[in-house]
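For ligands, and for the atoms within them, numbers begin at 1 and follow the listed sequence. Predicted, not measured: the structure shown is a model, and the values here were computed from it.
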Amino acid sequence: MRLIIGQVHRNVLALASSRSCFVIGDHLPFRMLSLPRASGFHQTAWRGSQTVQDSGSTLTLASLEVQSKADYVKKERMPRTGGPKPNSRDSAFSVKPKKVSSLDLKPAKSALPKSPVVKKKLKIDEALFSASSFEELGLPPLLIDRLNKEGLTSPTEVQSASIPVISQRHDAVIQSYTGSGKTLAYLLPILSEIGPLKRAREQGNSEKRSGIEAVVVAPSRELGMQIVREVEKILGPDDKRLVQQLVGGANRSRQEEALKKNKPIIVVGTPGRISEISAAGKLQTHNCRFLVLDEVDQLLSFNYREDMHRILEHVGRKPSTSSSSHILGPLARRSDRQTILVSATVPFSVIRAARSWGHDPVLVRAKSVVPLDSITVPRPMLSQGDPNSDSPTMSVNQAAVDSLPPSLEHYYCTTKAHHKVDTVRRCIHALEAETVIAFMNNTKPLKDVVFKLEARGMKAIELHGDLGKLARSTVLKKFKAGEFRVLVTNELSARGLDIPECDLVINLDLPTDSTHYAHRAGRTGRLGRKGTVVSICEESEAFIMRKMRKQLGVAIKPCEFTEGQITVHKEEDVE
Ligand SMILES: Nc1ncnc2c1ncn2[C@@H]1O[C@H](COP(=O)(O)OP(=O)(O)OP(=O)(O)O)[C@@H](O)[C@H]1O
């Protein structure tokens with residue numbers, strides 16, 4: 001059976017008006033952002049303070065020993081005066097009907113294996129694209145040429161909002177749902193300023209810089225390499241040596257040699273490797289203008305504490321000779337670099353961290369830009385003492401809600417543990433899924449599932465941290481090329497991984513919370529394509545799915561797979 005994913009209806013009038021009037025929150029006059037009029041940059045007609053939710057567990061900069069302003073003004077949430085709520089499903093889309101991106105029309109790459117599975121192309125949702133063009137956003141002509149050569153002709157909504165803000169040198173937190181184009185949302189304004197495609201400066205107005213000008217940090221090797229490919233694609237074959245990967249698991253001395261020989265302008269890597277090479281004195285980032293933390297909420301977690309501390313302390317910070325900077329601490333030197341924090345899930349702890357960098361930081365979403373100072377502590381945090389209030393984790397859930405692409409369908413089904421693999425097979429057949437990512441929590445049972453799927457005639461391959469870097473990239477290459485139908489993996493692949501053809505995500509083990517659910521789910525439905533998420537659990541775990549449905553505010557429908565069909569139950573039938 002085929003699933004029919006309904007078109008998202010859009011409120012034409014509301015959005016048309018949001019394009020013509022740029023209403024900024026009370027705290028930030030329009031001129032403060034000094035954005036080019038022609039940018040087509042806008043926000044919804046939504047005024048007053050915004051609330052971003054807090055995570056009790058995530059580390060803040062303060063806990064990384066970076067001084068924080070910590071001025072959490074406990075403002076009551078202001079009523080909205082009109083226009084759609086920024087995170088509402090409908091408001092996540094623009095109005096203008098547009099042509100399908102030419103990316104979909106691109107011929108298959110010649111590097112494919114000899115007999116690849118011919119997969120159907122999933123249609124990109126054209127509504128995800130912004131009304132403004134790359135030209136209107138003020139990108140330099142050379143950069144636009146390169147984008148066009150790669151089939152990128154229109155910016156997405158979040159790119160349209162981010163590019164002018166970053167070009168105006170604001171520190172920014174970029175939040176938008178998975179697969180909405182956040183990588184280019186920060187790379188394009190950076191590559192407008194550095195490297196061979198940058199905008200021409202008026203004579204006498206050019207800043208002389210040398211060395212590394214941008215550092216991008218990502219939590220996994222896979223995501224790091226994916227960002228490197230994206231930069232290489234834009235720089236083009238002649239200049240791709242100007243980006244250097246510094247991911248863990250790869251040969252460190254080769255990376256150090258490449259830094260010396262190629263003189264890159266941008267490095268992309270994982271926290272451990274970047275800080276390791278920096279500590280060894282082989283990576284000079286004092287002149288760096290941009291520091292990007294992709295998947296920032298994960299990077300600020302405890303695991304990365306020491307490495308992130310070093311990166312935040314060194315990137316874009318001149319070695320200090322005066323004693324004053326020691327007295328004043330990191331805030332005294334923070335204006336040297338522009339800091340960009342990116343994630344689909346932005347808990348309040350990230351907002352708090354970003355505030356400590358100052359430099360007019362703003363929160364950028366697909367249709368809104370607000371100063372961070374106008375964002376208040378979320379309601380559950382204010383009412384922690386209230387015995388009737390939900391726990392503070394409720395606040396993390398809002399971040400997860402914001403990150404879910406609207407084009408997804410969610411289901412769950414129950415089965416006995418030893419029938420799970422059969423259920424996976426029946427699910428894939430019933431949904432006619434061609435590119436499936438199945439998530440599990442542990443590595444050992446994961447290998448078992450691959451073995452059982454293969455034994456049932458389904459091409460499956462494993463991806464997890466026990467594999468070396470080379471093996472991991474080979475697995476991904478093969479899976480992307482269509483040699484395997486199912487990728488069985490763990491949390492390693494939950495963030496950032498971009499496999500546009502993925503039409504089904506299966507949770508073979510339930511994710512630990514709604515944030516993990518959201519990131520896993522986001523591996524499908526990329527760029528508004530259709531996507532389905534099926535969680536397979538035991539009867540005794542069904543309550544978790546019902547709880548998650550409540551927290552995420554999306555319909556996660558109970559279902560079963562029989563005779564090649566999906567049967568969707570009404571919730572009352574199973575409760
Ligand atoms: N303007 C554009 N036109 C066409 N395709 C685009 C455009 N911008 C980005 N894409 C493509 O959209 C896909 C998703 O982009 P990207 O990986 O940056 O999403 P994301 O928002 O960072 O997702 P996640 O939150 O999962 O990391 C990629 O394949 C990317 O090449």
* What atoms in ligand 1 come closer than 4.0 Å to a heavy atom of S154? -> 1 (N), 2 (C), 3 (N)

* Any N or O of K182 that comes nearer than 3.5 Å to an N or O of ligand 1? -> yes

* Structure fact -> Closest non-hydrogen contact found for S403 with A518 is OG-CB, 3.1 Å

* Asked: Are any non-hydrogen side-chain atoms of V346 and I351 less than 4.5 angstrom apart?
  -> yes

* Asked: Can an N or O of G181 be found at a distance shorter than 3.5 Å from an N or O of ligand 1?
  -> yes

* To do: Pull out every atom of ligand 1 sitting under 4.0 Å from any heavy atom of S180, numbered as shown with elements.
  => 19 (O), 20 (P), 21 (O)

* **Nearest heavy atoms of R495 and T345, plus distance in Å** => NH2-OG1, 3.9 Å

* Contact check, G522 vs ligand 1, heavy-atom distance below 4.0 Å -> no

* Residue portion contacting ligand 1 (non-hydrogen atoms closer than 4.0 Å) for L527 -> side chain

* Structure fact -> ligand 1 atoms nearer than 4.0 angstrom to some heavy atom of T183 are 16 (P), 17 (O), 18 (O), 22 (O)

* Pick one of side chain, backbone, both or neither for how S403 approaches ligand 1, counting any non-hydrogen atom pair under 4.0 Å. => neither

* Between K557 and E409, is a salt bridge (Lys or Arg N to Asp or Glu O under 4.0 Å) present by the stated rule, with each step listed? -> CA-CA 9 Å; K557 300 170 204 151; E409 288 280 330; 3.2 Å; yes

* Asked: Does E193 come within less than 4.0 Å of R199, counting only side-chain N to carboxylate O?
  -> yes

* To do: Determine the minimum heavy-atom distance between S343 and H519, stating which atoms define it.
  => OG-CE1, 4.2 Å

* Structure fact -> The answer for which part of R495 has a heavy atom under 4.0 Å from ligand 1 is neither

* **Any side-chain heavy-atom pair of D513 and H516 under 4.5 Å** => yes

* To do: List in chain and number order the residues that pass side-chain contact (heavy atoms from CB on, under 4.5 Å) with N303, two or more places apart in sequence or in another chain; answer none if no residue qualifies.
  => S301

* Asked: Which atoms of ligand 1 are found less than 4.0 Å from any heavy atom of L152?
  -> 2 (C), 3 (N), 4 (C), 5 (N), 6 (C), 7 (C)

* **Derivation of the ring-ring contact (aromatic ring centres under 6.0 Å, His included) call for Y517 and H410** => CA-CA 11 Å; Y517 181 94; H410 305 261; 5.7 Å; yes

* To do: Work out whether the distance between some heavy atom of E230 and some atom of ligand 1 is less than 4.0 Å.
  => yes

* Answer yes or no: does an N/O atom from S176 fall short of 3.5 Å to an N/O atom of ligand 1? => no

* Considering only heavy atoms of Y177, which atoms of ligand 1 have at least one such atom less than 4.0 Å away? -> 21 (O)

* Is it true that R520 and E491 make a salt bridge, defined as a side-chain N closer than 4.0 Å to a carboxylate O? -> yes

* Asked: Heavy atom of G179 under 4.0 Å from ligand 1?
  -> yes

* Taking the non-hydrogen atoms of E295, is any one of them nearer than 4.0 angstrom to ligand 1? -> yes

* **Per atom 28 (C) of ligand 1, closest listed option by heavy atom (D498, I499, L188)** => D498

* Structure fact -> Residues C427 and L504: closest non-hydrogen pair is SG-CD2, 4.0 Å

* Structure fact -> Checking heavy atoms under 4.0 Å, the part of T178 that sits near ligand 1 is both

* To do: May I ask you to list the atoms of ligand 1 that are less than 4.0 angstrom from any heavy atom of R523?
  => 26 (O)

